Amino acid sequence: MIEILASPPNVAAYRFTDELTGADYDACIADLESRLARFERIAVVSDISDLHGLALDVIGKDLRYALSRRGEYDRFARAAVVTDKRWLVTVTGLADRVMPRTEMRTFAPEERTVALAWAADLAPAPPMS
């Protein structure tokens, strides 16, 4: 399940719980794309501390989306991952190397508001013309 969190317009903030379905993933991408259409660079906050699984189609959709954005990863200025799972902290560290122009940090579940504030602390992003 996905919940789109209140955030500044250039920050895409989500809370994922239970199992992420293909429909949830589509809603997330639609919101993300609407922000990318308005801003040159955005930040993303993903609270996955209560995520317990992914539907099989999500993996394929995510791979296709990542490949469709190849060459544009620098449009993601910051990525905050909220989790208490140690392996996801490690994965985030590896992703930080793959996307060197995106600042990435992990936060503990009790730091959700800190994660959102960190992600929102970007230089004001002018809307795209």
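Sequence positions, counted from 1, serve as the residue numbers for this chain. Quick caveat: nothing in here was measured; it's all calculated off a predicted structure.
Cluster annotation: Phe76 is connected to Phe16 through the hydrophobic network of ILVMFWY side chains, with a link wherever side-chain heavy atoms come within less than 4.5 Å.
Taking CG from Leu63 and OG from Ser68, the interatomic distance works out to 10.0 Å, rounded to the nearest 0.5 Å. One finds the CD1 atom of Ile2 at 8.5 Å from the CD1 atom of Ile29 (value rounded to the nearest 0.5 Å). The CG atom of Asp50 sits 9.5 Å away from atom OG1 of Thr83, with the distance rounded to the nearest 0.5 Å.
At least one side-chain heavy atom of Leu51 sits less than 4.5 Å from a side-chain heavy atom of Leu20. Val58 is not listed as a side-chain neighbour of Glu19, based on a closest heavy-atom distance of 4.5 Å or more. Two residues are said to be in side-chain contact when any heavy atoms from C-beta on lie closer than 4.5 Å; Glu3 and Leu5 meet this criterion. The shortest distance between side-chain heavy atoms of Met104 and Val81 does not fall below 4.5 Å. Side-chain contact between Leu116 and Ser7 is present, with heavy atoms from C-beta onward closer than 4.5 Å.
The side-chain contact (heavy atoms from CB on, under 4.5 Å) with Val11 is formed by just one residue from the set Val45, Ile42, Val44, Asp121; it is Val45.
Counting non-hydrogen atoms of other residues, nucleotides and ligands closer than 6.0 Å to CG of Leu67 gives a total above 12.
Closest approach of Val82 and Ala115 over heavy atoms only: CG2-CB, 3.7 Å. Closest of all the heavy-atom pairs between Ala27 and Ile4 is O-CD1, 4.5 Å. Across all non-hydrogen atoms, the minimal contact from Pro8 to Arg35 is O-NH1, 3.3 Å.
Side-chain atoms of Arg69 do not come within 3.5 Å of backbone N or O of Arg64 as any donor-acceptor pair. Judged purely by atom type and a 3.5 angstrom limit, Glu33 has no side-chain atom pairing as donor or acceptor with the backbone of Ala30. Between the Arg15 side chain and the Ser46 main chain, no donor and acceptor come within less than 3.5 Å of each other. Under the 3.5 Å distance criterion, the side-chain polar atoms of Asp18 are left unmatched by any main-chain donor or acceptor of Met1. Of the possible donor and acceptor atoms, one in the side chain of Arg41 sits under 3.5 Å from a partner among the backbone N and O of Asp74.
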Trace of the side chain to side chain contact (heavy atoms under 4.5 Å, CB included) decision for Lys61 with Cys28: CA-CA 11 Å; Lys61 287 181 180 209; Cys28 176; over 6 Å; no

Step by step, work out the side chain to side chain contact (heavy atoms under 4.5 Å, CB included) result for Asp31 and Tyr14. CA-CA 10 Å; Asp31 181 71; Tyr14 311 104; 2.7 Å; yes

Could you walk me through whether Arg78 and Thr102 pass the side chain to side chain contact (heavy atoms under 4.5 Å, CB included) test, one step at a time? CA-CA 5 Å; Arg78 286 188 168 176; Thr102 302; 5.6 Å; no

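Defined by atom type and a distance below 3.5 Å, a donor-acceptor pair is present between the side-chain atoms of Ser49 and Arg112. Side-chain contact of Asp62 with Tyr25: a donor-acceptor pair under 3.5 Å is present, judged by distance alone.
Using cut-offs of 30° and 60° for the angle between ring planes, the Trp118 and Phe107 rings count as tilted.
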